[in-house]
Amino acid sequence: MATWTSLTSPTLFLVLHLLAWAPSLLWARPATFLQDFRITWSDSHIRQINGGMAIQLVLDKTSGCGFVSKNQYLFGRVSMKIKLIPGDSAGTVTAFYMNSNTNTVRDELDFEFLGNRSGQPYTVQTNVYAHGKGDREQRINLWFDPSADFHTYSILWNHHHVVFYVDEIPIRVYKNNEARGIPYPKFQPMGVYSTLWEADNWATRGGLEKIDWSKAPFYAYYKDFDIEGCPVPGPATCASNPMNWWEGPAYQQLDANQARRYRWVRLNHMIYDYCADRSRYPAVPPECVAGI
């Protein structure tokens with residue numbers, strides 16, 4: 001279930017206490033899709049399942065589709081379970097991201113799942129925009145078939161870093177290096193978005209692999225929408241509250257186990273890192289030098 005308010009440690013204790021003794025007082029509202037999100041385009045291509053507890057996104061020759069959270073948030077954690085397009089998905093992109101919905105000074109945190117030919121691994125591209133500057137792509141090949149079952153994809157965003165997770169395994173960390181003059185997204189609230197769309201001009205092998213429309217329609221599935229953060233508009237002190245659980249010591253840096261798994265992903269599954277791309281960046285980007 002989505003949680004739209006800031007949870008401090010004492011509040012969390014109270015919630016757990018109430019849940020144990022009076023479950024009828026909590027979770028009375030079912031976490032259906034339309035209670036927390038709205039469709040942004042092609043509503044005929046988003047289908048609710050099980051009363052809106054899950055949804056199916058559809059891409060065919062006529063259209064893709066997309067949705068967005070009804071609220072924007074400043075810091076917190078967003079998580080969704082997604083089952084990606086099975087079989088030949090080359091040329092498709094299933095995106096899950098946060099966006100400030102501003103133009104020249106956009107902040108954005110991206111998961112983009114790049115389809116592939118049958119039997120080839122799914123590639124996940126992440127990107128970070130801060131104060132209007134993006135072009136920070138990294139790509140990994142997933143170590144499992146993400147179309148066979150649901151997997152959890154999460155973004156943690158606090159004052160210390162942004163962390164992208166796959167099934168609770170960190171695959172990317174973007175640190176707050178403002179002290180070194182490097183932009184960090186912390187002033188603009190962001191909405192939670194998702195889209196399924198055609199991008200065969202770039203998505204698979206740089207656009208070499210095109211969509212096979214004979215395989216259409218293409219389907220992706222979502223469930224267990226979960227957002228915990230500071231809604232904007234909302235309490236003015238929420239975003240700066242150090243008692244928010246996502247600002248706690250356990251979330252300010254990776255612990256030893258997370259760091260080990262993070263290194264494993266990057267050593268064994270990373271296939272592109274903008275920091276190492278000298279054709280695009282003859283001079284190493286400053287955040288790469290500072291450590292991301």
Side-chain angles (χ1 to χ4, degrees), residues 1-2 30-73 78-103 106 108-118 122-127 129 142 145-155 164 166 190-204 207 209-227:
M1 177 174 179
T32 59
F33 170 72
L34 287 180
Q35 285 177 307
D36 299 325
F37 296 90
R38 61 178 177 84
I39 296 171
T40 53
W41 57 294
S42 194
D43 56 359
S44 64
H45 284 58
I46 296 183
R47 301 166 182 169
Q48 297 188 64
I49 301 170
N50 191 23
M53 300 298 288
I55 58 170
Q56 177 194 65
L57 274 62
V58 183
L59 169 65
D60 58 27
K61 268 194 169 182
T62 66
S63 183
C65 54
F67 64 88
V68 64
S69 59
K70 292 180 178 178
N71 293 303
Q72 288 189 313
Y73 304 88
V78 57
S79 178
M80 294 184 188
K81 289 185 178 178
I82 305 173
K83 183 161 66 171
L84 294 170
I85 299 168
D88 190 335
S89 58
T92 68
V93 173
T94 307
F96 160 42
Y97 59 103
M98 301 188 72
N99 187 294
S100 62
N101 197 28
T102 50
N103 292 325
R106 173 169 47 131
E108 186 170 312
L109 310 172
D110 293 339
F111 270 114
E112 291 178 308
F113 303 93
L114 313 182
N116 222 329
R117 293 298 179 206
S118 298
Y122 247 98
T123 298
V124 178
Q125 175 171 284
T126 58
N127 201 354
Y129 284 77
L142 290 172
D145 180 358
S147 67
D149 202 352
F150 285 93
H151 291 266
T152 304
Y153 305 93
S154 309
I155 301 170
F164 295 81
V166 174
M190 292 192 260
V192 181
Y193 292 77
S194 186
T195 55
L196 174 58
W197 53 294
E198 171 193 354
D200 67 2
N201 62 320
W202 67 271
T204 307
E209 304 284 352
K210 303 300 184 182
I211 289 181
D212 182 353
W213 287 111
S214 70
K215 303 292 196 303
F218 302 100
Y219 302 109
Y221 296 87
Y222 289 67
K223 68 177 184 178
D224 294 358
F225 314 100
D226 182 27
I227 304 173

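These figures come from a predicted structure and were not determined experimentally.
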Could you check whether Lys81 makes a cation-pi contact with Phe150, meaning its NZ or CZ is under 6.0 Å from the centre of the six-membered ring and within 45° of the ring axis? no
Just wondering, do Val124 and Val166 contact through their side chains at under 4.5 Å, heavy atoms? no
How many angstroms lie between OG in Ser147 and CZ in Phe113, if you round to the nearest 0.5 Å? 12.5 Å
Locate the shortest heavy-atom distance separating Ala95 from Ser194; write the atom from each residue and the value. O-OG, 2.6 Å
For Thr102 against Arg106, the heavy-atom pair lying closest together: O-CB, 3.2 Å
Going from CG on Asp88 to CD on Glu209, what distance comes out if it is rounded to the nearest 0.5 angstrom? 8.5 Å
Side chain to side chain, Tyr222 and Thr94, heavy atoms closer than 4.5 Å: yes
Any donor-acceptor N/O pair, Lys70 side chain to Leu34 backbone, under 3.5 Å: yes
Given side-chain contact (heavy atoms from CB on, under 4.5 Å), test His151 with Leu84 step by step and report yes or no. CA-CA 9 Å; His151 291 266; Leu84 294 170; over 6 Å; no
What's the spacing between Ile39 CD1 and Phe37 CZ if we round to 0.5 Å? 12.0 Å
How far does CH2 of Trp202 sit from CD of Gln125, to the nearest 0.5 angstrom? 5.0 Å
Modelled atom types, side-chain donor and acceptor of Ser89 and Tyr122, under 3.5 Å: yes
Does any part of the side chain of Tyr73, heavy atoms only, come nearer than 4.5 Å to the side chain of Asn71, both counted from C-beta? yes
Got a second to check how far Asn116's CG is from Ile85's CD1, nearest 0.5 Å? 11.5 Å
May I have the step-by-step check of side-chain contact (heavy atoms from CB on, under 4.5 Å) for Asn101 and Val68, ending in yes or no? CA-CA 11 Å; Asn101 197 28; Val68 64; over 6 Å; no
Do you know the tightest heavy-atom contact between Arg117 and Asp212? NH1-CB, 4.2 Å
May I ask you to check whether Phe67 and Phe33 place their ring centres under 6.0 Å from each other? yes
Pairing residues for Thr62 by the side chain to side chain donor-acceptor pair (under 3.5 Å) criterion, not counting sequence neighbours: His45, Asp60
Candidate pair Asp110 and Phe164, rule side-chain contact (heavy atoms from CB on, under 4.5 Å), full reasoning: CA-CA 9 Å; Asp110 293 339; Phe164 295 81; 5.6 Å; no
Between Ser69 and Gly191, is there a donor-acceptor pair closer than 3.5 Å when you use the side chain of the first and the backbone of the second? no
Point-to-point distance, once rounded to the nearest 0.5 Å, from OH of Tyr129 to CG of Asn127: 5.0 Å
List the steps, then state whether side-chain contact (heavy atoms from CB on, under 4.5 Å) holds for Leu57 with Ile46. CA-CA 5 Å; Leu57 274 62; Ile46 296 183; 4.3 Å; yes
Here the pair of heavy atoms bringing Val93 nearest to Ala203 is CG2-CB, 3.6 Å
Tyr193 and Glu108, any side-chain heavy atoms less than 4.5 Å apart: no
Minimum side-chain heavy-atom gap Phe218-Glu198 below 4.5 Å: no
So, for Leu59 and Thr92, which heavy atoms are closest and what is the spacing to 0.1 Å? CD2-CG2, 3.7 Å
Gln72: what forms a side chain to side chain donor-acceptor pair (under 3.5 Å) with it, not counting sequence neighbours? none
Taking every non-hydrogen atom, the tightest pair across Trp41 and Ser63: CZ3-OG, 3.6 Å
